[in-house]
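The next block holds one structure in the form of structure tokens; read it before the comments.
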Amino acid sequence: MNPIPTADLHDFNDKQIGHRVLSEDPVSRVLLVSLRAGQELNDHVTEGLITLYTLSGRLTLGQGDAAQEMPVGALLRLAPGVAYRLRAH
């Protein structure tokens, strides 16, 4: 078992959303996505079961006409095939 320290792994970039694979195996993949305030990930569809966790800052998760605030420490799971969008604040 190897813990993954996440505090300093962000890939913030003013021009694009940063992302990095932290762990990957045949069953799961852990991906760190770094968004600056105002950046958005639009019209994304989950390929498999995903878990979103807010490490810092604040996100809004949108699905259709609904929106859910994701403050630091928020954890949310989405089923495969779900369309969603993220916005960082």
Side-chain angles (χ1 to χ4, degrees):
M1 181 180 345
N2 294 320
I4 300 170
T6 58
D8 298 320
L9 291 179
H10 55 77
D11 292 317
F12 292 118
N13 185 317
D14 290 331
K15 297 182 181 183
Q16 63 186 18
I17 295 171
H19 63 280
R20 125 183 2 203
V21 176
L22 300 180
S23 174
E24 189 166 22
D25 60 45
V27 177
S28 67
R29 179 173 61 159
V30 178
L31 182 67
L32 177 67
V33 178
S34 304
L35 294 98
R36 286 214 181 269
Q39 288 182 324
E40 298 182 25
L41 178 63
N42 287 313
D43 303 322
H44 200 74
V45 177
T46 60
E47 294 179 20
L49 176 68
I50 69 165
T51 303
L52 297 169
Y53 180 75
T54 308
L55 287 172
S56 66
R58 187 171 54 94
L59 294 172
T60 299
L61 171 87
Q63 289 181 277
D65 293 333
Q68 173 70 45
E69 293 298 313
M70 300 270 307
V72 171
L75 181 72
L76 182 72
R77 291 177 58 158
L78 296 176
V82 171
Y84 70 97
R85 62 193 176 282
L86 291 174
R87 178 172 176 78
H89 302 277

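All figures in this text were calculated on a predicted structure; none of them were measured in a lab.
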*Among I50, V45, L76, which residue meets the side chain to side chain contact (heavy atoms under 4.5 Å, CB included) test with Y84?*
I50
*So, for L78 and L61, which heavy atoms are closest and what is the spacing to 0.1 Å?*
CD1-CD1, 4.3 Å
_Could you report the tightest heavy-atom contact between A83 and Q63, atom names first, then the distance?_
O-CG, 3.6 Å
*Could you go step by step and tell me if L86 and I17 meet the side chain to side chain contact (heavy atoms under 4.5 Å, CB included) rule?*
CA-CA 11 Å; L86 291 174; I17 295 171; over 6 Å; no
*Taking all atoms of both residues into account, what is the closest heavy-atom pair of L49 and P80, and its distance?*
N-CG, 3.5 Å
*V33-V82 co-clustered via ILVMFWY side chain contacts under 4.5 Å*: yes
*Quick one: which residue pairs count as a salt bridge (charged side-chain N to carboxylate O under 4.0 Å, His left out) with a foot in residues 16-39, not counting sequence neighbours?*
D11-R20, D14-R36
*Same cluster for Y53 and L59 if Ile/Leu/Val/Met/Phe/Trp/Tyr side chains link at under 4.5 Å?*
no
_Heavy-atom closest pair, residues A88 and L35_ = CB-CB, 3.7 Å
*Just by modelled atom types, is the M70 backbone N or O under 3.5 Å from a matching donor or acceptor in the T54 side chain?*
yes
*Not counting sequence neighbours, list each pair that qualifies as a salt bridge (charged side-chain N to carboxylate O under 4.0 Å, His left out) and has a residue in residues 53-81.*
R58-E69
*For residues S34 and Q39, report the shortest heavy-atom separation together with the two atoms involved.*
O-OE1, 4.1 Å
*Neighbour count above 12 (heavy atom, 6.0 Å) for H19 NE2*: no
*Is there a chain of hydrophobic side chains (I, L, V, M, F, W, Y, each step under 4.5 Å between heavy atoms) that links L55 to V21?*
no
